[in-house]
Amino acid sequence: MTTRFQAPRGTQDVLPDMQPYWQAVNDAIRVVTRLHGFRRIDTPAFEYAGVFEKGSGDTTDIVEKEMYTFEDRGGEKLALTPEGTPAICRAYLEHGMASWPQPVRLYTTHQMFRYDRPQKGRYRQHTQFDCEIFGSTDPLVDAEVIAVLWRLYTMLGIRNAGVRLGSLDDIAPRRAYVERLKDYYRPHLPKLSEDSQRRFERNPLRLLDSKDERDLPFKEAAPKLVDNLSPEARAHHETVLGALEATEIPVEIDPLLVRGLDYYNRTVFEIVPTDDARAQGTIGGGGRYDGLMEILGGPPTPGMGFGSGIERIILEMQRSGVVFENEAAADVYIVHKAEGAAAVVFGLASRLRSAGVAAVLGESNKSFKAQMRGANHSGAKFAIIIGDDELARGAGTVKDLTGEGEQESVELGRLPALLAAKLRA
RNA sequence: GCGGGCGUAGCGUAGUGGUUAACGCGUCUGGUUGUGGCCCAGAAGAUCGCGGGUUCGAACCCCGCCGCUCGCCCCA
């Protein structure tokens, strides 16, 4: 016997009972993005691998160990999208959006693929809601992007979350800072944890993020990025903070906030649960990436955006106690058992649907009782019963399933209009 | 990629070396002639994640693999 197939590791099916959550998220995304003047863009499920190797940075974990890359039959090196921002930037350049009215506000929801070790809230295929604003260096744009995400979460009933805000300075002053940081750490290198020794080479900013006890003493005295911001970046940071503080959004400065992607400068942020310390807690995060377009071969074009995992949004909704009633499968369930009724009931069902009534047919090889059970399970408000008697009269028996089950006989031709009216009531 | 926990019908669980693996929910079918929800009865559904080993005998012990999960790395 063959082994039964399972969904591939790190992937999951979204079953009907979960769909109301997805529906709610997608609906809210449409509303929120409209309120902020964003327009939708969709990019392909895969891109030339170079888009991410260059865009995300070829020493990032995403590119080094998580990308699904493959060669197609023509020998092109492609990658399933691991991250939305570089793909959207590629589209911006490819379609000459620099000649659109600036700034350009775009959003999307997109499948992301990363070869990670799965955990709750971390999957190899997940869906991300992305917003990007191109063409503006205004710090209010940074604040707005954060506000979009916050508004979405609030609309969806997510409670107990907060914004963590940081700044990574501009690229050049940050490089200078990183050198100073490395100078500070270099003599202590052998005493650091293995992870931090790797960080020293790959991503020194992460040294300040270590939870390892061996690293803690050195963190204390290390030079902090926030204390060394360039005047321009500091002013920018303070304007963003001030703007957010003018709203109800709870903001907390996180001087150690580091994001794993190379392209960020100045503003970075995350929105995290405030009542749950789980490792995969970040619901959404992003930042400013003024240098990314140039990395991808375009003209200097500032950008600011975020990604937020819809699977994680839904987990937070559930933790916040958001529940949905299961929606009825139909308005009307047609119970039928009569010689020669097939064409009549099929035609009736069609006319009901044309009248906007969701209709499901019972199976004629089942008993009335079995079909009535089906009607009950469907959640339909009415059953239409068609047996030999009704067929002879050219009528259907309408049974109200919401109350005691009162029945009335109605001429076939009048059924669609009558039921449409009853359902509207 | 590294370390810990777990894996019994669709779901939730019981059973921890010895006859036909149990219970609840769910599903299906009945409870007289054409009728739901409650109740009652019956049925279907599990090679006890997969493979190997120990043993007279394994769901129960050992090993490997797969999957889930928690933590690390990192991220949404």
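In the text below, chain A, chain B and the rest are named by the order of the sequence lines, each starting its count at 1.
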- Query: Reckon A/E194 touches a base, only the sugar-phosphate, or nothing at all at heavy-atom distances under 4.0 Å?
  - Reply: nothing
- Message: Classify A/E390 by what it touches in the nucleic acid, base, sugar-phosphate, or nothing, heavy-atom distance under 4.0 Å.
- Response: base
- Any chance you could lay out the side chain to side chain contact (heavy atoms under 4.5 Å, CB included) test for A/L156 and A/V25, step after step, and finish with the verdict? CA-CA 7 Å; A/L156 291 170; A/V25 172; 4.0 Å; yes
Show me the donor-acceptor pairs within less than 3.5 Å that the side chains of residues 42-51 of chain A make with the rest of the protein, sequence neighbours left out.
unit_1 : atom_1 : unit_2 : atom_2 : d
A/D42  : OD1    : A/R40  : NE     : 3.4
A/D42  : OD1    : A/R40  : NH2    : 2.9
A/D42  : OD1    : A/T108 : OG1    : 3.3
A/D42  : OD2    : A/R40  : NE     : 3.1
A/T43  : OG1    : A/H110 : NE2    : 3.0
A/E47  : OE1    : A/R90  : NH1    : 2.8
A/E47  : OE2    : A/R90  : NH1    : 2.5

- Where protein sits on nucleotides 1-8 of chain B, one letter per nucleotide: B base, S sugar-phosphate only, - none, heavy atoms under 4.0 Å: BBB-----
- How is A/G403 classified with respect to the nucleic acid when contacts are heavy atoms under 4.0 Å: base, sugar-phosphate, or nothing? base
Report each atom pair, protein N/O against N/O of nucleotides 30-33 of chain B, whose distance is under 3.5 angstrom.
unit_1 : atom_1 : unit_2 : atom_2 : d
B/G30  : O6     : A/R373 : NH2    : 3.2
B/G31  : N7     : A/K369 : NZ     : 3.4

- By the Watson-Crick or G-U definition, both distances under 3.5 Å, B/U13 is matched with B/A22
- Quick one, which residues of residues 17-41 of chain A touch RNA chain B with a heavy atom under 4.0 Å? none
- Query: Contact class for A/R199 vs. all strands (heavy atom < 4.0 Å): base, sugar-phosphate, or nothing?
  - Reply: sugar-phosphate
- Task: Select base, sugar-phosphate, or nothing to describe what A/G374 touches, counting heavy atoms under 4.0 Å on all strands.
- Result: nothing
- Task: Can you tell me the pairing partner of B/A41 across any strand shown, Watson-Crick or G-U wobble, with both distances under 3.5 angstrom?
- Result: B/U29
Polar-atom pairs under 3.5 Å, protein N or O versus N or O of nucleotides 24-27 of chain B: list them with distances, or write none.
none

- Would you list the pairs meeting side chain to side chain donor-acceptor pair (under 3.5 Å) in which at least one residue belongs to residues 412-425 of chain A, sequence neighbours left out? A/E408-A/K422
